[in-house]
Amino acid sequence: RLSKDEEREEVMVDFRQNRQEDDLAMVERYVTRLESLSHVLAWGIPLSSTHLRITHIELPRCDINFEVHEGMDGTFQLHLEENIEMKASNWPYNTFIRNLVHWMPSAMLFSDQSDDLWICTR
């Protein structure tokens, strides 16, 4: 598959073979709240024969797609493809919200550019 800018070829990511990659671990932690990894399609650009950069994630059964961006602090952020301003939040939210989301196994916390929080459930 070609990347959005059609400059580089993207390859499908195999989570089983690339479990040591830091960005794969982050992606796995977020998306498994909504879907089993067996139903997640992840695409990346090879950086070397052993490393890649994830660029796009699809959850077809949930009808959710993410673009992966690198934040200003160097961390990876999952942005909703349908609304690029919304990203999976790793914002240090308060205990009440953390506990609320924890007890909702198929929920993800999102934030927008104003740092408003949104809970997405399957």
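For the single chain, residues carry numbers from 1 onward in sequence order. Model, not experiment: these values are computed from the prediction.
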Distance (rounded to the nearest 0.5 Å) between Ile45 CD1 and Arg53 CZ: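 It is 4.5 Å, given to the nearest 0.5 Å.
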
Distance in Å, Glu85 CD paired with Ser114 OG, rounded so as to fall on 0.5 Å steps: 8.5 Å

Shortest non-hydrogen contact from Glu9 toward Pro46: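 Taking every non-hydrogen atom into account, O-CD, 3.7 Å.
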
Distance-minimising heavy-atom pair for Asn65 and Leu59: OD1-N, 4.0 Å

Asp116, CG: over 12 other non-hydrogen atoms inside 6.0 angstrom: yes

Working for side-chain hydrogen bond (donor to acceptor under 3.5 Å, both in side chains), residues His79 and Glu81: CA-CA 6 Å; His79 289 259; Glu81 192 173 80; over 6 Å; no

I'd like to check [X] versus [Y] (side-chain heavy atoms, cut-off strictly below 4.5 Å). Are they in contact?
X: Thr55; Y: Val68; answer: no
X: Phe110; Y: Leu80; answer: yes
X: Ile57; Y: Leu41; answer: no

Any side-chain donor near an acceptor of the partner, His69 and Glu67, under 3.5 Å: yes

Residue from Glu10, His56, Glu58 passing side-chain hydrogen bond (donor to acceptor under 3.5 Å, both in side chains) with Trp43: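 The single option meeting the side-chain hydrogen bond (donor to acceptor under 3.5 Å, both in side chains) with Trp43 is Glu58.
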
